[in-house]
Student: 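The structure follows.
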Amino acid sequence: MVINKMAEKELKALIFDVDGTIADTERDGHRVAFNLAFDELGLDWSWSVELYGKLLSVTGGKERIRYYLECFNQEFKKPDDLDGFIAKLHQLKTQHYTDLMSKGDIPLRPGVERLLNEAREQGIRLAIATTTTPKNVEVLLTQLLGAESLTWFDVIAAGDIVSSKKPASAIYDYAIKELGLDASECLALEDSHNGILSSMAADLKTIVTINEYTKDHDFTGASLVLNHLGEPKEANTVISGYQCTSNYVDINCCREIVNK
Ligand code: XBP
Ligand code: MG
């Protein structure tokens, strides 16, 4: 008798989003940095917590500023060199953001450090696929996990390294290609609708950990949606999707998801 057993897929890499997934950086990090940059250039713009939630529908800081001008501040008299103006504003914002992050006031989300360590112990490779500026990732990882943590990631795919930001698949496609793996051997960790559109378009199974800004997003197609990754002593809450054996996300859970 021939037993037709499906071949096990081997989990070889975890690909992490950064903003909202590794740390809750949007409201008290990026938003505040944008406002400081506006002040510095003498602009009377102010992005409230609520408005910023709407602006988050567009990923990328420069793209977000442009979206704000198009949809929320049409009265603003645009300079002739709008691209240059936005680039300068965004450079200032990045400086403020990295200064803020250097203070270390925004912590890692539950379970992130543990899962990174477990992956490294078990020979699972690590990568990052994010829309944010590379310098922001460098400062965040250095501040929260130590400078050495930058070497834990075989690929840090960030910002303008690809021409189309999330929800396009480009940043995940790039990370997978640089890892030299097949999408079926990788698992993505995300926090937002645009994030899963991007990861799923790259054929990645995806775990979502929601946050205040993303809790009402549409996560159709995600393998698992949770409040956070959880810890052995801080169980997570499953919102939808696959129920792992453990009540926190560990490497076994990641393996189960890649194989389901
Ligand atoms: C993150 C972003 C980024 C940050 C700002 O999205 O959209 O634009 O908000 O970073 P994701 P920059 O988590 O889906 O990658 O200002 O450096 O672009
Ligand atoms: Mg995100």
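Counting starts at 1 for both ligands and their atoms, following the listed order. Remember, predicted model here, so these are calculated numbers, not experimental data.
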Student: Between D191 and R109, does a salt bridge (charged side-chain N to carboxylate O under 4.0 Å, His left out) hold up when you go through it step by step?
Tutor: CA-CA 11 Å; D191 73 304; R109 295 197 64 192; 6.0 Å; no
Student: Under the rule for side chain to side chain contact (heavy atoms under 4.5 Å, CB included), what residues qualify as partners of K215, not counting sequence neighbours?
Tutor: I210, E212
Student: Where's the contact between D17 and ligand 1, heavy-atom distance under 4.0 Å: side chain, backbone, both or neither?
Tutor: side chain
Student: As an exercise, identify every atom of ligand 1 less than 4.0 angstrom from a heavy atom of T133.
Tutor: 12 (P), 17 (O)
Student: When you check the gap from the basic side-chain N to the acidic O, do E256 and K260 get nearer than 4.0 Å?
Tutor: no
Student: Within the side chain of D154, is there an N or O that forms a donor-acceptor pair under 3.5 Å with the backbone of L179?
Tutor: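 No, because the side chain of D154 does not come within donor-acceptor range (under 3.5 Å) of the backbone of L179.
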Student: Can you check whether S57's main-chain N or O pairs, donor with acceptor, with N194's side chain at less than 3.5 Å?
Tutor: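 Side chain of N194 to backbone of S57, a donor-acceptor pair under 3.5 Å: yes, one is there.
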Student: At a 4.0 Å cut-off, with the gap strictly under it, does some heavy atom of K165 reach an atom of ligand 1?
Tutor: no
Student: Tell me, please: is F16 in heavy-atom contact with ligand 1, that is, under 4.0 Å?
Tutor: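 Checking ligand 1 against F16, which is what was asked, there is no heavy-atom contact under 4.0 Å.
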Student: With a 4.0 Å cut-off on heavy atoms, is T130 touching ligand 1?
Tutor: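 Yes, T130 has heavy atoms under 4.0 Å from ligand 1.
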Student: Applying side chain to side chain contact (heavy atoms under 4.5 Å, CB included), can you list everything that pairs with D218, at least two apart in sequence or on another chain?
Tutor: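 D218: side chain to side chain contact (heavy atoms under 4.5 Å, CB included) contacts with H193, T220.
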Student: In terms of side-chain geometry, is the basic nitrogen of E138 or K135 positioned less than 4.0 Å from the acidic oxygen of its partner?
Tutor: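 Salt bridge present between E138 and K135.
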Student: Output yes when the distance from some N or O of ligand 1 to some N or O of G60 is under 3.5 Å, and no in every other case.
Tutor: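 N/O-N/O distance below 3.5 Å exists for this pair.
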Student: For A168, is there any backbone N or O sitting under 3.5 Å from a side-chain donor or acceptor partner on S198?
Tutor: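 Looks like yes, one N/O pair under 3.5 Å.
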Student: How far is atom 7 (O) of ligand 1 from the closest protein heavy atom, and which atom is that?
Tutor: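 Nearest neighbour among protein heavy atoms for atom 7 (O) of ligand 1, to 0.1 Å: R64 NH2, 2.7 Å.
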Student: Under 30°, 30 to 60°, or over 60°: which ring-plane class applies to F72 and Y68, parallel, tilted or perpendicular?
Tutor: parallel
Student: Determine whether more than 12 heavy atoms belonging to other residues, nucleotides or ligands lie under 6.0 Å from atom CZ of R255.
Tutor: yes
Student: Pick one of side chain, backbone, both or neither for how N136 approaches ligand 1, counting any non-hydrogen atom pair under 4.0 Å.
Tutor: side chain
Student: So, 4.0 Å and heavy atoms of T94: is ligand 1 close enough to count as a contact?
Tutor: no
Student: Is there a side-chain contact between Y248 and L229 (heavy atoms, below 4.5 Å)?
Tutor: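 They are not in side-chain contact.
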Student: Going by chain and residue number, what protein N/O/S atoms come nearer than 2.8 Å to the Mg ion (ligand 2)?
Tutor: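 Hits for the Mg ion (ligand 2) below 2.8 Å: D17 OD2, D19 O, D191 OD1.
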Student: Quick one: does ligand 1 sit under 4.0 Å from the side chain of H90, the backbone, both or neither, non-hydrogen atoms only?
Tutor: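 Side chain only.
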Student: Below 4.0 angstrom from a heavy atom of K93, which ligand 1 atoms are there? Numbered from 1 as shown, please.
Tutor: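 Heavy-atom distances to K93 below 4.0 Å select 5 (C), 10 (O), 12 (P), 16 (O), 17 (O).
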Student: Which of the numbered atoms in ligand 1 are below 4.0 angstrom from a heavy atom of E26?
Tutor: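 It comes down to these atoms of ligand 1: 1 (C), 2 (C), 4 (C), 9 (O).
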Student: Could you tell me how the ring of F34 sits relative to the ring of W47: parallel (under 30°), tilted (30 to 60°) or perpendicular (over 60°)?
Tutor: tilted
Student: Which residue owns the protein heavy atom closest to atom 10 (O) of ligand 1, what's the atom, and how far is it?
Tutor: T132 OG1, 2.8 Å
Student: Can you list the ligand 1 atoms lying under 4.0 Å from a non-hydrogen atom of K166?
Tutor: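 In order of numbering, the contacting atoms are 11 (P), 14 (O), 15 (O).
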Student: What do you reckon, does D19 have a nitrogen or oxygen under 3.5 Å from a nitrogen or oxygen of ligand 1?
Tutor: yes
Student: Could you check atom 18 (O) of ligand 1 against the protein and tell me its nearest heavy-atom contact, residue, atom and distance included?
Tutor: G61 N, 2.6 Å
Student: Any chance you could pull the hydrophobic cluster mates of L197, using side-chain heavy atoms under 4.5 angstrom and chaining through other members?
Tutor: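 None; L197 is a cluster of one.
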Student: Is it true that, when you exclude E148 itself, more than 12 heavy atoms of the residues, nucleotides or ligands shown sit nearer than 6.0 Å to its CD?
Tutor: no
Student: Would you mind listing which atoms of ligand 1 come within a distance below 4.0 Å of any non-hydrogen atom of Y52?
Tutor: 9 (O)
Student: For ligand 1, does E63 get within less than 4.0 Å through its side chain, its backbone, both, or neither, judged by non-hydrogen atoms?
Tutor: neither
Student: Is there a side-chain contact between D83 and D81 in this structure, where contact means two heavy atoms from C-beta onward sitting under 4.5 Å apart?
Tutor: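 Yes, side chains in contact.
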Student: Would you call K166 and D17 a salt bridge, using N to O less than 4.0 angstrom?
Tutor: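 A salt bridge links K166 with D17.
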Student: Among protein heavy atoms, which sits nearest to atom 6 (O) of ligand 1, and what does the distance come to when rounded to 0.1 Å?
Tutor: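 Of the protein heavy atoms, T131 CB, 3.7 Å lies nearest.
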Student: When only distance counts, is D191 in polar contact with ligand 1, meaning an N/O pair under 3.5 Å?
Tutor: no
Student: Numbering the atoms of ligand 1 from 1, which are under 4.0 Å from a heavy atom of T59?
Tutor: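 Those qualifying, in numeric order: 7 (O).
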